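Take a look at the structure set out below.
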Amino acid sequence: MTEAELRQEITRLARSLFERGYSVGSAGNISAAVADGYLMTPTNSSLGHLDPESLSKLDFEGKHVGGLPPSKELPLHLAFYATRPQCRAVVHLHSTYATALSCLPMDDEDDFLEPITPYLIMRVGRLKYLPYTMPGSPLTGEMIRGLKGRHAAVLLGNHGPVVSGPDIASAVYAAEELEESAKLQMLLRGQSPRHLSTRQIAELRARYGEP
Ligand SMILES: O=C(CO)COP(=O)(O)O
Ligand SMILES: [Zn+2]
């Protein structure tokens with residue numbers, strides 16, 4: 001995909017997320033790798049109304065080299081690129097159910113969502129909970145660097161999910177899958193849902209790998 005095509009693709013997918021209620025107002029941000037750096041949604045922009053030409057452009061060090069000023073969550077996005085060589089896109093949302101879960105106590109900080117459906121295992125993997133930091137805090141990026149690339153997706157406490165992927169469409173689909181899984185988990189709260197077994201999970205990871 002050329003950079004011009006990727007600009008169109010980011011704009012199209014962001015609008016689709018916005019129109020389906022995955023982000024409201026100017027919440028959330030998206031980035032994707034290009035040949036000479038990264039494209040990113042500008043700070044305070046609505047995912048529903050991006051202009052492909054004015055997306056922020058950063059070099060590999062994160063220096064702003066074109067377009068509008070980048071999202072304040074740039075350090076968090078750079079942390080995924082730095083620690084996961086396969087990462088080519090990052091999506092951060094305040095999607096309702098995942099954000100609701102991010103405000104609740106958890107059983108397992110390293111694997112936050114209950115393993116109830118195969119696509120959660122296949123597309124999202126083990127969701128890591130990270131304690132609350134202020135939006136835009138460099139601490140968030142430092143915490144993600146500390147994970148050393150072990151998680152494709154994290155849930156920022158009292159804030160929302162961040163998902164990385166090998167391309168922009170995969171990252172967006174994984175963010176949607178995460179939100180759907182969070183919704184199911186909320187619907188099933190207190191009902192002791194049947195979990196996939198250790199063997200079923202191992203079989204999925206052997207067949208599809210870990211995100
Ligand atoms: O979701 C957000 C902060 O966490 C939105 O911030 P930006 O508008 O700077 O991208
Ligand atoms: Zn946010």
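FYI, the numbering just counts along the sequence from 1. Atoms within each ligand, like the ligands themselves, are counted from 1 in listed order. This structure is a prediction, so every number in the text was calculated from the model and none was measured.
- Nearest protein neighbour of atom 4 (O) of ligand 1, counting heavy atoms only, is E73 OE2, 2.5 Å.
- For ligand 1 and H92, the ligand atoms under 4.0 Å from any heavy atom of the residue are 1 (O), 4 (O).
- Each of N29, T41, N44 was checked for a side chain to side chain donor-acceptor pair (under 3.5 Å) with S71, and the lone residue meeting it is N29.
- Looking from atom 8 (O) of ligand 1 to the surrounding protein, the closest heavy atom is N44 N, 2.7 Å.
- By the 30° and 60° cut-offs, the orientation of the rings of H49 relative to F18 is perpendicular.
- Interface of S26 with ligand 1, defined as ligand atoms under 4.0 Å from a residue heavy atom, comprises 5 (C), 8 (O).
- For S45, no nitrogen or oxygen atom sits less than 3.5 Å from a nitrogen or oxygen atom of ligand 1, counting backbone and side chain alike.
- Closest to atom 6 (O) of ligand 1 among all protein heavy atoms lies K72 NZ, 3.0 Å.
- The atom of H94 nearest to the Zn ion (ligand 2) is NE2, with the search restricted to N, O or S atoms.
- Listed by number with element, the atoms of ligand 1 under 4.0 Å from a non-hydrogen atom of N29 are 1 (O), 2 (C), 5 (C), 6 (O), 7 (P), 10 (O).
- Regarding atom 9 (O) of ligand 1, its nearest protein heavy-atom neighbour is T43 OG1, 2.6 Å.
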Requested in this report: Please step through side chain to side chain donor-acceptor pair (under 3.5 Å) for the pair R20 and S16, ending with a clear verdict.
Outcome: CA-CA 6 Å; R20 290 176 294 138; S16 166; 2.9 Å; yes
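- In summary, the atoms of ligand 1 found under 4.0 Å from a heavy atom of H159, numbered by their order in the structure, are 4 (O).
- Taking CE from M106 and CG from L155, the interatomic distance works out to 8.5 Å, rounded to the nearest 0.5 Å.
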**Report entry** Test log, rule side chain to side chain donor-acceptor pair (under 3.5 Å), inputs H77 and H92
**Finding:** CA-CA 9 Å; H77 289 243; H92 164 53; over 6 Å; no
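- For ligand 1, the atoms lying closer than 4.0 Å to a non-hydrogen atom of G28 are 1 (O), 2 (C), 5 (C), 10 (O).
- The protein heavy atom nearest to atom 10 (O) of ligand 1 is S71 OG, 2.7 Å.
- The side-chain heavy atoms of V124 and E180, taken from C-beta on, include no pair separated by under 4.5 Å.
- Checked for salt-bridge contact, E203 and R207 miss the test: no charged N lies under 4.0 Å from a carboxylate O.
- Checking V90, L74, I10 one by one against M40, the side chain to side chain contact (heavy atoms under 4.5 Å, CB included) holds for a single residue, L74.
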